[in-house]
Undergrad: 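Mind having a look at this structure? Questions to follow.
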Amino acid sequence: MINIQQFGLLACLYVAQGLPYGFFTQALPALLRSEGMALETIGFAVFLVLPWAIKFMWAPALDKYGTRKQWILGANLIAVGCMVGMSMFELSELVTNRVYILFGGFFLLNLFTATQDIATDGMAVSRLSVDERGIGNGIQVAGYRVGMILGGGLLLAWFTVLGWQYSMLLLAAMMFIFTLPAFMMEQRDHHLEQEKLHIKDFIQFVKQPHLSLWVMVLLT
């Protein structure tokens with residue numbers, strides 16, 4: 001039996017995390033260029049997504065402390081607060097005099113949406129059966145892409161009508177709406193005692209048949 005409730009929750013959470021990422025990667029570069037920011041500065045702004053690349057560094061802490069519900073709600077609500085905070089300034093002011101607020105705000109957005117992603121992935125693995133995980137993975141990819149389309153293309157298309165401040169507030173409102181189902185999710189996580197890994201465990205892992213092919217796929 002398909003778990004509609006869990007799939008719906010996952011869809012909302014993956015859309016929520018795609019909203020600010022889509023705005024940052026698709027809409028923001030065009031907006032910054034329209035404000036006269038140098039291409040070099042816009043190019044270096046890509047490093048603000050670094051939390052997505054190194055999120056494995058704090059992922060174990062999410063399993064050890066708190067619950068996934070607490071991490072998801074906390075991360076998303078802080079991200080919403082960041083967007084509301086940036087909406088208090090005009091884009092021209094942020095670009096000319098307060099670029100540290102602009103870039104700092106988007107760094108925090110990426111940090112907390114990446115953290116939400118860790119908790120959401122963990123929830124999906126623990127709550128979906130083996131047979132349901134394929135559908136869950138499809139929902140993950142589709143939901144994230146829908147969020148990117150809404151936060152990137154759609155908001156950029158309407159930016160001339162909304163302006164910076166209302167665009168950020170609308171982005172925050174959409175993320176909050178897609179976070180609402182998480183308030184009703186069960187808080188049933190439990191922490192398991194994990195055995196310590198040894199070098200022999202790693203050796204046995206890499207000796208698995210065809211693992212080298214998978215390593216090549218992952219690296220490319």
Side-chain angles (χ1 to χ4, degrees), residues 7-35 37 39 41-55 71-91 94-95 99 101-121 123-124 136-182:
F7 287 148
L9 173 61
L10 289 175
C12 288
L13 293 177
Y14 284 122
V15 170
Q17 67 182 237
L19 288 166
Y21 189 84
F23 186 84
F24 176 77
T25 57
Q26 299 177 23
L28 189 63
L31 298 176
L32 294 180
R33 189 57 181 163
S34 69
E35 291 291 332
M37 181 174 284
L39 288 175
T41 305
I42 297 174
F44 280 116
V46 73
F47 288 103
L48 298 178
V49 301
L50 187 62
W52 283 93
I54 62 172
K55 61 182 180 178
W71 283 108
I72 289 170
L73 290 177
N76 276 15
L77 293 178
I78 292 174
V80 168
C82 289
M83 289 182 279
V84 172
M86 286 189 288
S87 73
M88 297 179 180
F89 305 90
E90 291 288 352
L91 180 59
L94 290 171
V95 170
V99 71
I101 293 180
L102 179 67
F103 285 176
F106 276 102
F107 177 81
L108 290 176
L109 272 179
N110 284 306
L111 175 64
F112 287 106
T113 51
T115 300
Q116 187 252 63
D117 182 59
I118 297 169
T120 303
D121 287 347
M123 181 191 70
N137 184 245
I139 290 173
Q140 174 192 27
V141 176
Y144 189 74
R145 297 300 178 188
V146 168
M148 290 184 66
I149 292 170
L150 293 175
L154 192 63
L155 273 183
L156 181 61
W158 283 88
F159 188 81
T160 54
V161 176
L162 296 172
W164 170 261
Q165 293 177 313
Y166 284 111
S167 293
M168 293 303 297
L169 288 175
L170 180 58
L171 192 65
M174 287 193 294
M175 189 170 188
F176 181 76
I177 290 171
F178 281 106
T179 303
L180 288 176

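Position 1 is the first residue of the sequence, and the numbers go up from there. Values reported hereafter were calculated over all heavy atoms of this structure, with side chains retained and with hydrogens, waters and symmetry mates removed.
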Undergrad: Walk me through whether N76 and F112 qualify under side-chain contact (heavy atoms from CB on, under 4.5 Å).
TA: CA-CA 7 Å; N76 276 15; F112 287 106; over 6 Å; no
Undergrad: Rounded to the nearest 0.5 Å, what's the gap from CG on L91 to CE on M168? Could you check?
TA: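 Answer rounded to 0.5 Å: 10.0 Å.
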Undergrad: Can you tell me how far apart CG (L13) and OG1 (T120) are? Round to the nearest 0.5 Å.
TA: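 With rounding to 0.5 Å, CG (L13) is 4.5 Å from OG1 (T120).
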Undergrad: If you compare all heavy atoms of G105 against all heavy atoms of C82, which two are closest, and at what distance to 0.1 Å?
TA: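 Nearest heavy atoms, G105 then C82: O-CB, 4.3 Å.
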Undergrad: Might you point out which heavy atoms bring F103 and A45 nearest each other, and give the distance in Å?
TA: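 Smallest interatomic distance, heavy atoms only, reads CZ-CB, 4.0 Å.
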Undergrad: What's the shortest heavy-atom distance between Q165 and S87, and which atoms?
TA: CG-O, 2.9 Å
Undergrad: So, taking the atom named CG in L102 and the one named CD in E35, what distance separates them when rounded to the nearest 0.5 Å?
TA: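 Answer rounded to 0.5 Å: 10.5 Å.
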Undergrad: What are the two closest non-hydrogen atoms of A172 and V80, and how far apart are they?
TA: O-CG2, 3.9 Å
Undergrad: Distance from L108 atom CG to I101 atom CD1, nearest 0.5 Å?
TA: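 So the gap between those two atoms works out to 11.5 Å.
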Undergrad: Apply the test side-chain contact (heavy atoms from CB on, under 4.5 Å) to residues L50 and N110: give CA-CA distance (whole Å), side-chain angles for both, the deciding distance (0.1 Å), then the verdict.
TA: CA-CA 8 Å; L50 187 62; N110 284 306; over 6 Å; no
Undergrad: What residues, two or more places apart in sequence or in another chain, satisfy side-chain contact (heavy atoms from CB on, under 4.5 Å) together with F107?
TA: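 With sequence neighbours excluded, F107 shows a side-chain contact (heavy atoms from CB on, under 4.5 Å) to L48, P51, given in chain and number order.
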Undergrad: Could you grab the distance from atom CG of L19 to atom OG1 of T113, nearest 0.5 Å is fine?
TA: 10.0 Å
Undergrad: Rounded at 0.5 Å granularity, tell me how far CG in L150 sits from CG in L154.
TA: 6.0 Å
Undergrad: Quick one: do Q26 and I149 satisfy side-chain contact (heavy atoms from CB on, under 4.5 Å)? Show the steps, please.
TA: CA-CA 9 Å; Q26 299 177 23; I149 292 170; 5.9 Å; no
Undergrad: Taking side chain as C-beta onward, heavy atoms only, is T25 less than 4.5 Å from V46?
TA: no
Undergrad: So which heavy atom on P181 is nearest to which on C12, and how close?
TA: CG-SG, 3.8 Å
Undergrad: Does F178, at its CZ atom, have more than 12 non-hydrogen atoms belonging to other residues, nucleotides or ligands within less than 6.0 Å?
TA: no
Undergrad: Please tell me if the side chains of L39 and R33 come closer than 4.5 Å, counting only heavy atoms from C-beta onward.
TA: yes
Undergrad: Hey, what's the ring geometry for F159 with W164, parallel, tilted or perpendicular (30° and 60° as the breaks)?
TA: perpendicular
Undergrad: Please indicate whether W158 has more than 12 foreign heavy atoms, meaning atoms of other residues, nucleotides or ligands, lying under 6.0 Å from its CH2.
TA: no
Undergrad: Return the orientation label for the F24 and F106 ring planes: parallel under 30°, perpendicular over 60°, tilted otherwise.
TA: tilted
Undergrad: side-chain contact (heavy atoms from CB on, under 4.5 Å) for W52 and Q17? Distances and angles first, verdict last.
TA: CA-CA 11 Å; W52 283 93; Q17 67 182 237; 3.8 Å; yes
Undergrad: Identify the two heavy atoms, one from M175 and one from A79, that lie closest to each other, and give their separation to 0.1 Å.
TA: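 What the structure gives for the nearest pair is CE-CB, 3.7 Å.
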Undergrad: Using side-chain contact (heavy atoms from CB on, under 4.5 Å) as the criterion, point out the one residue from I42, L156, L155, V95 that pairs with L31.
TA: L156
